[in-house]
Amino acid sequence: MILVNVLHRPIRTVVSILAVAIEVVMVLIVVGLTTGLINDAARRTEGIGGDVMVQPSGASFMFSLSSAPVPIKVGDRLAEIPHVLAVTPVLFQSDLSTHGLGVIFGIDIPSWNRVSGGFVYLSGGPFQGPMDVLVDDWYAKANHVKVGSTLSLLSQTFHVSGIVEHGKGSRLFIPLATAQELSSSHDKASIFFVKCTDPGYTDDVEAAIQHLLPGWEIHNMGQFMSMMTSNNLPAVDTFINAMIGLAVSIGFLVIFLSMYTTITERTREIGILKSLGASKGYILSIILKEASLLAVIGIAAGYIGTALVRKVLIESFPTLYVESMTSGWAAKAAILALMGALIGAFYPALRAARLDPVDALAYE
Amino acid sequence: MEPIIRTEDLKKIYRIGKVDVPALRGVNLIVDEGEFLAVVGPSGCGKSTLLHILGGLTGPSSGRVLVDGNDFRAMSDADRTRFRRHKIGFVFQRFNLLPTLTARDNIALAQSIQGNGFNPRRFEQVAEMLGIAQKLNHRPYALSGGEQQRVAIARAVICEPKILLADEPTGNLDTENSQMVLSMLRTLNRSFRQTILMITHNPEAAAVADRTIRMRDGRVVSA
């Protein structure tokens with residue numbers, strides 16, 4: 001009877017399934033996008049190759065929220081610490097108009113190469129002049145940039161000197177001196193990446209830096225990676241929860257409306273069931289089972305929809321990293337959608353169960 | 001032997017807005033087990049209300065209702081629902097089949113609600129007796145009025161209720177189908193000693209019953 005009822009009202013069924021599917025897609029894509037952005041940033045930072053990151057007191061591990069830079073000479077003192085192989089300073093530059101929340105890295109190529117092992121150039125080569133910029137392949141693909149193209153960054157015109165393989169820090173790199181000049185931060189840097197002679201010395205080096213620069217933000221890469229979760233990022237969890245709340249509300253309201261109108265349409269049928277001796281529990285259960293069936297189909301459609309939306313997003317925005325659906329979040333989205341549908345169907349179901357059988361049988 | 005239905009000074013008052021509208025004004029009725037009783041009377045005389053109370057669809061305002069030894073006044077709504085599920089079968093003027101289900105599923109639904117599972121032997125027996133075996137896979141809209149009413153009767157008796165309550169079962173049928181439905185009710189009564197209480201406006205239909213009572217203004221005026 002439940003399946004027959006679902007099939008008997010195709011428009012209502014399709015709308016309800018669509019609402020649940022959108023709910024699931026919203027939850028999974030929002031989570032995929034936020035965790036994707038965070039994980040991508042974390043992986044790119046890890047990809048630099050430094051073992052320890054040194055930032056001034058009060059700086060955020062979110063580079064786009066970095067504080068005032070500090071003298072670059074600190075790097076010389078770090079280089080003197082035993083077991084330190086190389087130190088490279090980076091000055092962050094934000095350009096929201098062209099680069100979103102991403103950060104442009106002002107780098108010193110020789111020390112950068114010592115820490116990171118150097119860029120893999122897919123075309124072109126290192127900076128030839130102060131107004132040169134290196135872009136990674138994802139940025140180049142997304143923005144149709146080639147070697148020799150010009151980019152307007154930080155209210156200046158830059159020439160693309162090379163396209164590098166993605167995965168090391170930023171997607172855009174300019175000479176450190178240029179970054180310092182444009183931000184009036186002469187001889188200053190936002191962060192120092194420290195490479196140890198052997199990763200086994202990381203803790204020793206970290207301890208030595210803490211001794212040398214008390215109060216500074218000093219993190220080894222393991223700590224940094226563990227901090228890069230939505231829980232540690234301001235407002236990200238709130239954003240995720242708000243979006244999930246919105247998505248669940250959509251599913252809840254559509255199922256509520258759908259089941260409410262269905263119950264009104266089927267008042268007489270409910271009267272018939274009651275005349276046959278159907279209890280309140282029986283009627284409640286068939287309505288809730290019907291809502292559950294719609295939700296289950298909607299969840300399955302939502303999984304397919306999520307995979308499609310993710311594919312479209314990745315193809316349309318190559319710099320966007322959308323995490324694929326994890327089984328944990330797929331289960332959470334399913335539970336949320338199912339709960340939303342059941343709660344949405346509960347009042348209409350209760351109303352149906354409480355209908356007076358004589359009134360229901362007389363309903364036209 | 002104790003009658004299967006006994007009512008004593010049965011009253012039912014509906015409150016419509018701020019006005020009390022009496023539907024039954026003290027009905028005293030006795031129906032013996034295996035009896036086929038017709039209830040006749042003009043519209044609004046309380047026939048359907050009496051049927052609804054005897055079927056446990058609604059409770060009385062006062063008076064006593066004993067059905068198969070159960071006092072409805074002492075029973076909760078849930079108890080009456082349970083009683084109806086096992087002891088009462090309804091047949092309505094408008095057939096009241098579920099339009100989305102086939103004839104087979106409409107009949108099986110009663111067994112499903114009763115909770116004793118599908119009984120294929122009983123199902124076949126009832127379908128054969130009512131002449132609907134060839135129509136079981138049809139939905140109500142594909143059946144004639146007579147066929148729909150026979151499916152409704154099959155659904156009402158599939159769980160072997162103690163009492164069959166029929167509310168104008170021939171009211172929507174032509175003469176030929178009316179005769180067929182009445183003949184089947186008569187067969188059920190004679191062959192299986194099925195107690196039947198039938199409301200009707202039709203004197204020919206009432207003539208099929210063992211006994212006829214007449215109601216007027218919420219009272220039984222002749223028995």
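Every value quoted in this text rests on a predicted model; they were computed, and no experiment measured them. A note on names: the letters A, B, ... follow the listed sequences, proteins ahead of strands, and every chain is numbered from 1. Values reported hereafter were calculated over all heavy atoms of this structure, with side chains retained and with hydrogens, waters and symmetry mates removed.
- Within the 4.5 Å cutoff, the side chain of B:S112 has heavy atoms near those of the A:Y282 side chain.
- Of the listed residues B:L109, B:L165, B:D105, B:T58, the one with more heavy-atom pairs under 4.5 angstrom with chain A than any other is B:L109.
- Only the side chain of B:F92 has a heavy atom closer than 4.5 Å to any heavy atom of chain A.
- In the displayed structure, A:R43 atom CZ is contacted under 6.0 Å by more than 12 heavy atoms of other residues, nucleotides or ligands.
- Between A:R266 and B:T100, every side-chain heavy-atom pair lies at or beyond the 4.5 Å cut-off.
- For A:L276, the parts lying near chain B are the backbone and the side chain together; criterion is any non-hydrogen pair under 4.5 Å.
- Within a 6.0 Å sphere centred on CD1 of A:I11, heavy atoms belonging to other residues, nucleotides or ligands number 12 at most.
- In this structure, A:E269 and B:P99 have side chains that are in contact, with non-hydrogen atoms separated by less than 4.5 Å.
- Around OH of B:Y14, the count of heavy atoms belonging to other residues, nucleotides or ligands within 6.0 Å exceeds 12.
- Side-chain atoms of A:R268 and B:N96, non-hydrogen and from C-beta on, do get closer than 4.5 Å to each other.
- Heavy atoms only, all atoms of each residue included: B:L57 and A:K274 are closest at CD2-O, 4.3 Å.
- Closest approach of A:S279 to B:R85, counting heavy atoms only: CB-NH2, 3.5 Å.
- Annotation for B:R121: atom CZ does not count as buried by contact number, only 12 or fewer foreign heavy atoms lying within 6.0 Å.
- Contacts between A:L273 and chain B at a heavy-atom distance below 4.5 Å involve backbone atoms as well as side-chain atoms.
- Looking at B:I88, neither its backbone nor its side chain comes within 4.5 Å of chain A, counting heavy atoms on both sides.
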